[in-house]
Structure formats: structure tokens, C-alpha cells
Number of protein chains: 2
Amino acid sequence: MIIMTRMHYTRDNMAGLLRGHDINPTHQRIEIAHALFSRQEHLSADQVMAIVNTRHSETSKATVYNTLKLFLEKGLVREVIVDPSKVFYDPNTSPHHHLYEVDSGKLSDIDATQVQISGLPPLPAGMVTEGIDLIVRVRRTD
Amino acid sequence: MIIMTRMHYTRDNMAGLLRGHDINPTHQRIEIAHALFSRQEHLSADQVMAIVNTRHSETSKATVYNTLKLFLEKGLVREVIVDPSKVFYDPNTSPHHHLYEVDSGKLSDIDATQVQISGLPPLPAGMVTEGIDLIVRVRRTD
DNA sequence: CATCAATCTGGACTTTGTCTAATTTCCGGA
DNA sequence: TCCGGAAATTAGACAAAGTCCAGATTGATG
Ligand SMILES: [Mn+2]
Ligand SMILES: [Mn+2]
Ligand SMILES: [Zn+2]
Ligand SMILES: [Zn+2]
């Protein structure tokens with residue numbers, strides 16, 4: 001019998017997670033990572049900003065943007081571009097796709113292991129795939 | 001023997017195209033449609049603005065944005081969201097996917113008839129698919 | 001010509017994101 | 001403990017994309 005324990009993303013765990021991705025774990029970075037990983041949701045910079053500064057202001061706008069960009073470069077989070085007005089940051093870096101509810105703006109994951117994409121043409125020479133984004137846009141039936 | 005003639009998107013043809021999509025063909029709308037359809041390229045609002053106002057200023061920013069939104073609502077053009085900083089408008093409304101060169105920002109079409117996507121999970125109840133966007137992000141090999 | 005609806009316009013405004021110069025924090029060595 | 005420098009953070013100015021609105025223009029109709 002195997003017992004699966006769900007990972008708890010506590011602030012303490014965040015320091016190790018950051019170090020594991022070659023990121024110096026500062027107070028602000030830990031808070032921002034915690035906002036994303038404890039929720040396991042797709043958040044915009046604005047939302048991260050609001051979460052991190054709920055009780056009392058602790059992190060500046062510049063730091064939120066700088067930190068999310070750093071996380072992205074280090075492969076700790078992923079960017080999701082579905083909404084023309086803002087970028088979402090995704091703590092789930094395993095290959096997966098997205099379901100986007102256009103009216104509400106709700107964004108959820110689609111497991112990639114079930115999905116197969118075939119028949120893509122060969123890439124132009126000298127090009128390498130950085131990623132394949134599949135977005136299913138849905139809306140409520142009228 | 002069948003002779004295929006390539007459609008020429010002249011300004012004169014634009015009026016009919018617009019009427020066919022239930023759009024009153026004004027001078028500005030004809031110019032904007034012509035910018036998109038004569039090139040058959042993915043253009044941002046900014047680029048449309050520049051094209052339409054090359055010789056002498058004839059169309060305001062507000063009208064460019066309003067018109068592109070109108071074209072979108074009427075199904076004359078399609079929106080492509082790949083770049084976090086701007087929306088592209090696509091005169092090709094037939095089902096197709098996109099190849100996005102992340103460094104240069106170059107965007108090109110992938111014919112959808114060759115590509116198959118299988119294994120997508122069923123939609124949540126009360127939801128209907130508005131579209132499936134597949135974006136292949138590529139970059140130059142280092 | 002007068003009227004009215006549709007369209008277009010300049011420009012103020014908002015939102016998202018970037019940049020920079022000054023400050024604060026952190027750490028290792030004297 | 002004190003010092004110096006590197007790394008990180010900050011406030012706020014700035015830029016770019018897009019929205020909004022009140023007034024002007026256009027064009028059809030009687
Ligand atoms: Mn990782
Ligand atoms: Mn059409
Ligand atoms: Zn996701
Ligand atoms: Zn296209």
C-alpha cells in the first residue's frame with residue numbers, strides 16, 4: 001500500500017524550493033513564491049501584488065515584476081498568455097494545456113499526458129521549439 | 001481544366017466584403033480592411049494605424065481600435081494572442097494554428113487540416129468551445 | 001434645406017509593465 | 001564589532017496599449 005502525501009507549500013519549504021532553482025531566497029521572494037505555490041493557481045502580477053501586501057505593505061511593484069521575471073528565467077514558474085490585457089504566472093511547470101473561460105477569465109489546467117497533437121509541419125531550419133501552447137477557449141451556452 | 005485566380009483585395013472589393021459581413025463600408029473601414037486583406041498578414045492595431053496613415057493622416061486611433069473590434073465581432077477578422085504586449089489581428093478566419101518566433105515576433109500560419117488534436121477532456125457542463133488555439137513557440141538555435 | 005442617426009475625432013484617462021537612481025540588506029574579512 | 005561592496009529592494013517617473021467620452025462630421029431622407 002502506498003500513501004501519497006500532498007505537498008504542503010509552507011513558507012519554510014519555499015526557501016529550499018528557491019535554492020533548488022538557483023534563486024537566493026529573500027523575504028520578498030519567499031512571499032511571492034508562497035502566494036503562487038500555496039494556491040496552485042494562475043495569478044497575474046497584480047494579483048500577486050495584492051496577496052503579498054494584504055496585511056501591511058511589504059513588497060513594491062518593481063520587486064513583484066522583477067521577481068516574477070526571475071522565477072520565469074529560472075524555470076520556477078511558467079507564463080500563460082491568454083488574456084490580451086495581462087500575463088498569468090503558473091506554478092505548474094509540468095507540460096500541460098489550458099482551458100480559458102473567456103467571460104469570467106477563469107483559467108484551468110488540462111493534463112497533457114492524455115492529449116496528443118499530431119501532423120504539425122516540420123520546423124523551419126535553424127529553429128527549435130520552445131513550447132507548444134494549446135488553449136481551449138470556452139464560454140457559457142447562451 | 002480549372003484556372004485558379006488569386007483574389008485581389010482591392011479597395012473596391014473591400015466594400016462588398018464589408019457588406020457581406022454586415023458592416024457599413026465607410027472610407028476608414030475600407031482602408032483598414034484593405035490594410036489587412038491586401039497583405040494577408042497578422043497586424044497589430046499600431047501597425048494598422050501606421051499603414052492607414054502613411055501618406056496623410058486620415059484615421060484616428062479611436063477609429064482604428066473601434067473598427068478592429070467591430071471587424072472581430074462581425075467575424076471578419078480573428079484575434080491572435082501570443083505576445084503579452086499587443087494583440088494581432090488576422091484576416092485569415094479559416095481554422096488554422098500559429099507559429100510564433102519569440103525573438104523576432106514573426107507570426108505565421110499553420111494549416112489546421114493536417115493537424116489533429118485528440119484526447120481533450122470533455123468540457124464542463126454548460127460550456128461550449130469558442131475556439132482552440134494552438135501556438136508553436138520557436139526560437140533560433142543558439 | 002432641415003433633421004437625425006451613424007460615424008469619426010482629439011485628447012484625457014486607465015492599466016500593465018519598465019526603468020533608474022537612491023536606499024537598504026546582507027555577508028565576509030579586518 | 002566595524003567596514004566595504006555586492007545584491008536586492010524601493011518610490012516614483014515613464015512608456016505603450018487600449019478605453020472612453022463629449023463634440024464635430026457625414027450622409028441619407030423628407
Ligand atoms: Mn522546476
Ligand atoms: Mn468571414
Ligand atoms: Zn497551468
Ligand atoms: Zn493566422
Side-chain angles (χ1 to χ4, degrees), chain A residues 11 14-15 18-19 21-36 42-53 56-74 76-90 102 105 107, chain B residues 11 14-15 18-19 21-36 42-53 56-74 76-90 102 105 107:
Chain A
R11 281 180 182 74
M14 289 302 101
L18 293 176
R19 279 192 209 95
H21 281 83
D22 223 5
I23 298 166
N24 189 19
T26 65
H27 174 61
Q28 286 88 341
R29 289 170 181 173
I30 287 171
E31 286 301 316
I32 291 170
H34 185 249
L36 281 160
H42 307 86
L43 300 178
S44 65
D46 216 44
Q47 290 175 304
V48 169
M49 181 83 176
I51 291 167
V52 155
N53 290 330
H56 51 290
S57 183
E58 8 181 57
T59 305
S60 71
K61 185 173 64 152
T63 296
V64 170
Y65 277 98
N66 289 342
T67 300
L68 290 171
K69 188 172 289 181
L70 177 69
F71 286 3
L72 186 66
E73 284 164 10
K74 298 293 190 179
L76 180 62
V77 303
R78 177 181 167 177
E79 230 179 12
V80 184
I81 300 170
V82 285
D83 183 322
S85 75
K86 62 184 59 151
V87 172
F88 288 101
Y89 292 89
D90 190 345
V102 293
L107 186 59
Chain B
R11 281 181 181 75
M14 290 301 102
L18 293 177
R19 279 192 209 94
H21 284 267
D22 224 4
I23 298 167
N24 189 17
T26 66
H27 175 62
Q28 287 88 341
R29 289 170 181 174
I30 287 171
E31 286 301 316
I32 292 171
H34 186 250
L36 282 160
H42 308 87
L43 300 178
S44 65
D46 218 43
Q47 291 176 304
V48 169
M49 181 83 175
I51 290 167
V52 155
N53 290 330
H56 52 290
S57 182
E58 10 182 54
T59 307
S60 71
K61 185 173 64 152
T63 296
V64 170
Y65 277 97
N66 289 343
T67 300
L68 289 171
K69 189 173 287 180
L70 177 70
F71 285 3
L72 185 66
E73 284 164 11
K74 297 295 190 177
L76 181 61
V77 302
R78 176 181 167 177
E79 230 179 11
V80 184
I81 300 169
V82 285
D83 181 316
S85 74
K86 62 183 59 148
V87 172
F88 288 100
Y89 292 89
D90 191 344
V102 294
L107 186 59

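Quick note on labels: first sequence line is chain A, next is B, and so on, each numbered from 1. Every heavy atom of this structure was used, including side-chain atoms; hydrogens, water molecules and symmetry mates were not.
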Any donor and acceptor pair, going by atom type alone, linking the side chain of [X] with main-chain N or O of [Y] inside 3.5 Å?
X	Y	value
A/T67	A/T63	yes
B/D90	B/V77	no
B/D22	B/K74	no
B/R19	B/N24	no

In B/S/- notation (B base, S sugar-phosphate only, - none; protein heavy atoms under 4.0 Å), nucleotides 4-12 of chain D written 5' to 3' is ----SSBB-
Note to self: Under 3.5 Å, is there a donor on one side chain and an acceptor on the other for B/D46 and B/S44?
What the structure shows: no
Do B/N53 and B/E58 pass the side chain to side chain contact (heavy atoms under 4.5 Å, CB included) test, and can you show the C-alpha distance, the side-chain angles, and the key distance before you say yes or no?
CA-CA 6 Å; B/N53 290 330; B/E58 10 182 54; 3.7 Å; yes
From CG of B/D83 across to C1' of D/dA17 the rounded distance in Å is 11 Å
B/K86 NZ to D/dA16 C1', in whole Å, measures 9 Å
When you compare the protein's N or O atoms with those of nucleotides 27-30 of chain D, which come within less than 3.5 Å of each other, and at what distance?
none

*Working for side chain to side chain contact (heavy atoms under 4.5 Å, CB included), residues A/I81 and A/F88*: CA-CA 7 Å; A/I81 300 170; A/F88 288 101; over 6 Å; no
Could you give me the CA-CA distance, side-chain angles and deciding distance for A/I23 and A/L70, then say whether side chain to side chain contact (heavy atoms under 4.5 Å, CB included) is met?
CA-CA 8 Å; A/I23 298 166; A/L70 177 69; 3.9 Å; yes
Tightest non-hydrogen contact, residues B/A15 and B/I30, listed as CB-CD1, 4.3 Å
*For D/dG18, does either OP1 or OP2 sit under 4.0 Å from a side-chain N or O belonging to B/Y65?*
yes
DNA chain C: first to last nucleotide in contact with chain A (atom under 4.0 angstrom from a heavy atom), 5' to 3', is C/dT16 to C/dC19
Exercise for the section: Quick one: do A/E31 and A/M14 satisfy side chain to side chain contact (heavy atoms under 4.5 Å, CB included)? Show the steps, please. Expected result: CA-CA 8 Å; A/E31 286 301 316; A/M14 289 302 101; over 6 Å; no
